[in-house]
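Heads up, the thing below is written out as structure tokens.
Chain letters run A, B, ... following the sequence lines, proteins first and then strands; every chain starts at 1. Computation of the quantities below employed the complete heavy-atom set of this structure, encompassing side-chain atoms and omitting hydrogens, waters and symmetry-equivalent molecules. What you are looking at is a predicted structure, and each value in this text was computed from that prediction instead of being measured.
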2 protein chains.
Amino acid sequence: MKKKKTTIKDIANVLNISAAAVSKALHDDTRISDKTKKAVKQVAENLNYQPNHLASALRSGKSKLVGVIVPRTNSNFFSSVLQNIEEVLNKKGYNIIITQSNESYKKECDNIDTLLFTQVDGIIASMANETVDLSYYEKVKSKGIPLILFDRGENDLNVDYIGINDYESSHSIVEHLVNNGCKRIAHIGGYKRTRIFNNRIRGYIDALKKYNLPLDTELLTESGLTIKDGREMMQQLLNLKERPDAVYVAGDYAALGALQVLNENNIKIPEEIALVGFGNEPFTDMVTPRITSVKQHSEEIGKQAALAFLKYNKDEVVHQTLNKIILNAELIVRDSSNKKALLN
Amino acid sequence: MKKKKTTIKDIANVLNISAAAVSKALHDDTRISDKTKKAVKQVAENLNYQPNHLASALRSGKSKLVGVIVPRTNSNFFSSVLQNIEEVLNKKGYNIIITQSNESYKKECDNIDTLLFTQVDGIIASMANETVDLSYYEKVKSKGIPLILFDRGENDLNVDYIGINDYESSHSIVEHLVNNGCKRIAHIGGYKRTRIFNNRIRGYIDALKKYNLPLDTELLTESGLTIKDGREMMQQLLNLKERPDAVYVAGDYAALGALQVLNENNIKIPEEIALVGFGNEPFTDMVTPRITSVKQHSEEIGKQAALAFLKYNKDEVVHQTLNKIILNAELIVRDSSNKKALLN
DNA sequence: TACATTTGCTTAAACGTTTAAGCAAATATA
DNA sequence: TATATTTGCTTAAACGTTTAAGCAAATGTA
């Protein structure tokens with residue numbers, strides 16, 4: 001009753017040749033005659049043969065699967081990176097397994113275990129906000145499985161990393177705000193322990209210094225950059241005796257929360273307070289006013305991450321070193337910070 | 001030089017017992033003494049043993065992997081469904097492989113091939129907009145692999161389906177608009193060939209009839225419901241000699257596009273034209289004005305889809321029949337359609 | 001013609017598990 | 001005490017591939 005799948009042996013029996021010959025024929029081995037190859041492929045098609053991936057993976061030690069770990073999929077950035085990773089890897093015969101950490105360290109560890117268990121040939125990951133302990137990633141490395149990080153990475157792991165120039169981008173955001181006449185610029189930042197957010201904070205601070213602006217600790221906050229965090233931090237800033245005249249938020253979702261609070265308080269944007277986000281999520285271009293943000297080239301990040309993995313796919317023994325690819329992000333100026341446009 | 005992984009045999013050698021005994025000990029077979037079990041588990045831990053999933057899957061014929069196909073991951077609805085599917089299945093020892101069709105039929109077929117190739121134990125899917133030919137899904141069924149559909153499904157496949165009461169929801173949207181004084185209600189719908197969109201269209205039409213409202217063909221459009229589609233269809237409606245006083249859009253992204261066009265044309269919402277979306281994506285609560293929408297209970301859909309799959313996991317031979325679980329969606333009234341609130 | 005090389009296959013082992021069958025020793029039953 | 005049952009393991013085959021080694025026939029070379 002149970003449906004039996006067609007195997008290589010079934011094909012072999014039909015043609016009265018060995019299973020080995022069938023395997024070789026299907027892989028276009030040079031030592032198999034064209035006649036046999038043609039016959040094998042024909043029979044394979046007739047019997048609706050589908051190779052058993054588990055068997056070949058077990059035998060060859062290569063699963064042709066790559067695991068990807070992202071904090072979440074429902075952001076345009078990650079979704080776009082995923083799509084591009086998939087596109088590049090599919091062409092090379094790899095399939096990808098997507099997992100989400102939901103910004104949880106525990107979940108991230110579980111994801112790594114799942115992927116190792118599934119015998120993936122490599123892991124491409126962007127770390128959760130919570131992640132500080134790198135031992136789980138060290139485990140991946142110690143198993144000789146190529147590890148590629150993007151966006152949220154860590155130098156100390158000494159693996160490939162694809163990201164953008166956060167420091168410089170942050171610097172130019174402040175520059176842009178200064179050029180628009182802002183004098184008291186706040187920063188709703190991510191957690192400093194995460195390298196990219198630390199870099200954005202450094203860029204912010206150094207730019208303030210450069211333009212001789214006040215570096216007020218109450219203008220600099222750290223959070224998980226959710227919509228809720230954005231709301232809370234913005235409210236906090238509004239409660240100050242001396243309010244900022246610009247707020248640069250290190251993530252678009254938090255920027256959206258900030259925008260909501262500003263709108264609810266009938267604060268004119270950008271006249272009273274200018275607003276800048278980070279990530280160029282599609283909604284930044286949909287809300288009122290449209291939010292100035294930074295485009296991270298998610299397509300290129302995805303492609304480069306996939307290519308970084310592919311570098312290792314022929315190596316017997318994988319030896320990774322810190323290898324950074326840093327792309328130049330792009331500031332997209334919109335209404336929320338464009339005070340100059342109002343003057344015309 | 002190549003790192004050798006610890007196998008069951010290594011453990012067997014250490015303890016001078018057979019590999020079979022080790023396998024059984026690790027699975028808590030009753031015929032293995034507690035003493036041996038303890039020893040095996042201790043050695044397994046010491047040697048950092050990780051079971052080879054490929055080998056066990058090959059032998060047992062069960063991969064403990066479930067494939068999920070969604071049109072895209074970067075919508076809150078699908079992302080939330082995914083999370084809940086994963087949560088339920090993980091508890092039962094299954095892992096999920098997420099793939100995206102990007103609303104493309106071709107990609108969807110590729111995804112199915114990928115998943116079959118990976119030897120998944122089941123497939124949970126929501127169909128692409130483009131999909132009309134069901135032969136690829138028939139292929140899944142014919143292989144005896146449980147197939148569960150959600151949201152975008154098809155009765156003709158005779159498999160499990162989890163969705164919401166689209167017809168009734170659509171009906172109550174029109175009812176809500178009527179209650180708010182709207183007399184000329186347009187519908188920016190999805191493609192009729194997709195069951196859920198067809199049901200929404202039917203609900204719309206029947207509700208119009210019930211309230212003796214004009215059923216004007218120029219007020220009813222079909223599209224892919226992207227933001228762009230929403231913009232175009234809204235523009236089309238504005239160009240009519242007799243404009244509608246309400247627009248009900250069958251998807252939130254298209255509703256957003258419609259909103260943009262209305263705002264750009266300085267049309268007062270809801271006074272001049274009331275707007276309703278579908279899906280309750282987070283941004284409906286973020287834009288100005290906030291968009292009335294329908295909450296689809298994505299969490300419950302995800303859970304039920306996972307449970308529907310689990311029903312089959314013990315069966316040797318899978319026999320599926322049409323088995324629908326229909327959840328009641330919930331209308332979330334917001335500013336974009338709440339004319340009554342303005343009267344107070 | 002004699003030998004070397006190439007072609008086209010076969011055989012058999014291997015990948016790391018699981019599991020049916022079996023067997024000896026220990027324990028229970030009458 | 002003799003027999004039946006249970007306990008605790010072992011042996012060996014199997015899952016569906018890949019691949020190293022080998023061999024006979026065909027073809028090439030001198």
Side-chain angles (χ1 to χ4, degrees), chain A residues 2-41 43-44 47-65 93 116-119 121 143 316, chain B residues 2-41 43-44 47-65 93 116-121 143-144 316:
Chain A
K2 186 102 195 282
K3 312 200 161 75
K4 285 300 294 172
K5 288 174 188 164
T6 307
T7 73
I8 227 167
K9 279 186 188 168
D10 299 326
I11 301 176
N13 287 338
V14 170
L15 295 170
N16 259 315
I17 56 175
S18 70
V22 174
S23 173
K24 287 178 182 164
L26 290 172
H27 288 90
D28 278 325
D29 189 297
T30 50
R31 299 284 286 273
I32 299 291
S33 71
D34 285 349
K35 195 178 130 226
T36 306
K37 281 182 191 172
K38 202 164 279 176
V40 165
K41 287 174 185 174
V43 173
L47 297 183
N48 193 22
Y49 168 73
Q50 303 266 137
N52 185 320
H53 161 249
L54 296 172
S56 62
L58 174 61
R59 175 59 231 246
S60 65
K62 293 282 154 205
S63 69
K64 286 283 181 178
L65 291 172
L116 292 178
F117 173 71
T118 318
Q119 316 284 130
D121 289 345
K143 288 200 183 268
E316 268 305 285
Chain B
K2 187 100 193 284
K3 310 201 160 79
K4 285 299 295 171
K5 288 175 188 162
T6 308
T7 74
I8 227 168
K9 278 186 189 167
D10 299 326
I11 301 176
N13 286 339
V14 170
L15 295 170
N16 257 315
I17 57 176
S18 70
V22 173
S23 173
K24 288 177 181 165
L26 291 172
H27 289 89
D28 276 326
D29 189 296
T30 51
R31 301 284 287 273
I32 299 292
S33 71
D34 286 351
K35 193 177 132 227
T36 305
K37 282 182 191 171
K38 202 163 279 176
V40 165
K41 287 173 185 176
V43 174
L47 298 183
N48 194 21
Y49 169 72
Q50 302 265 137
N52 185 320
H53 162 248
L54 295 172
S56 63
L58 174 61
R59 175 60 230 243
S60 65
K62 293 282 151 203
S63 69
K64 287 284 181 177
L65 292 172
L116 292 178
F117 174 70
T118 319
Q119 314 285 129
V120 293
D121 290 344
K143 289 199 182 269
E316 267 305 285

Q) Whole Å only: how far is the CG atom of A:Asp28 from the P atom of C:dC9? A) 13 Å
Q: Specify the separation, in whole Å, of atom NZ of A:Lys62 and atom P of C:dG16.
A: 13 Å
(Q) Any heavy-atom pair between the side chains of B:Thr7 and B:Asn52 that's under 4.5 Å? (A) no
Q. Within this structure, what is the NE2-to-C1' distance between A:His27 and D:dT17, rounded to whole angstrom?
A. 9 Å
Q. What's the CG-P distance between A:Leu26 and D:dT17, to the nearest Å?
A. 9 Å
Q. Rounded to whole angstroms, how far apart are NZ on A:Lys9 and C1' on C:dA12?
A. 12 Å
Q) Would you say C:dT7 has OP1 or OP2 under 4.0 Å from some side-chain N or O of A:Thr30? A) no
Q: Enter the inter-axis angle for the ends of the helix from C:dT1-D:dA30 to C:dA30-D:dT1 (five pairs per end, rounded to 10°).
A: 30°
(Q) Judged by each residue's nearest nucleotide on DNA chain C, which is more toward the 5′ side, B:Ser56 or B:Arg31? (A) B:Ser56
Q) So do B:Val22 and B:Leu26 actually touch side chain to side chain, heavy atoms under 4.5 Å? A) yes
(Q) Ignoring hydrogens and geometry beyond distance, is the side chain of B:Lys24 in donor-acceptor contact with the base of D:dT10 at under 3.5 Å? (A) yes
Q) Listed in order of residue number, which residues of residues 47-55 of chain B have a non-hydrogen atom at under 4.0 Å from DNA chain D? A) none
Q) Atom OG in A:Ser56, atom NZ in A:Lys62: separation rounded to 0.5 Å? A) 13.0 Å
Q | Atom-pair distance (CG on A:Leu58; P on D:dT18), nearest Å | A | 11 Å
Q. So, is A:Ser18 near the phosphate of C:dT10, with a side-chain N or O under 4.0 Å from OP1 or OP2?
A. yes
Q) Which pair of heavy atoms, one from B:Ala12 and one from B:Ala19, lies closest together, and at what distance? A) CB-N, 3.7 Å
Q) How about B:Val43 and B:Tyr49: do any of their side-chain heavy atoms sit closer than 4.5 Å? A) no
Q | Spatial distance of atom CZ (B:Arg31) from atom NZ (B:Lys24) [nearest 0.5 Å] | A | 7.5 Å
(Q) In this structure, how many angstroms lie between the C1' atom of C:dG8 and the NZ atom of A:Lys35, rounded? (A) 11 Å
Q. Do you know which two heavy atoms are closest between A:Ala21 and A:Ile32, and how far apart they sit?
A. O-CD1, 4.0 Å
Q | Minimum-distance pair of heavy atoms, taken over all atoms of B:Asp28 and B:Lys41 | A | OD1-NZ, 3.0 Å
Q. Any side-chain heavy atom of B:Ser63 sitting closer than 4.5 Å to one from B:His53?
A. yes
Q. Rounded to whole angstrom units, what separation is found between the NZ atom of B:Lys5 and the C1' atom of C:dC15?
A. 12 Å
Q. If you find the nucleotide of DNA chain D closest to B:Ser60 and the one closest to B:Ala19, which residue's nucleotide is nearer the 5' end?
A. B:Ala19
Q. Between A:Ser23 and D:dT18, is there a side-chain N or O to OP1/OP2 distance below 4.0 Å?
A. yes
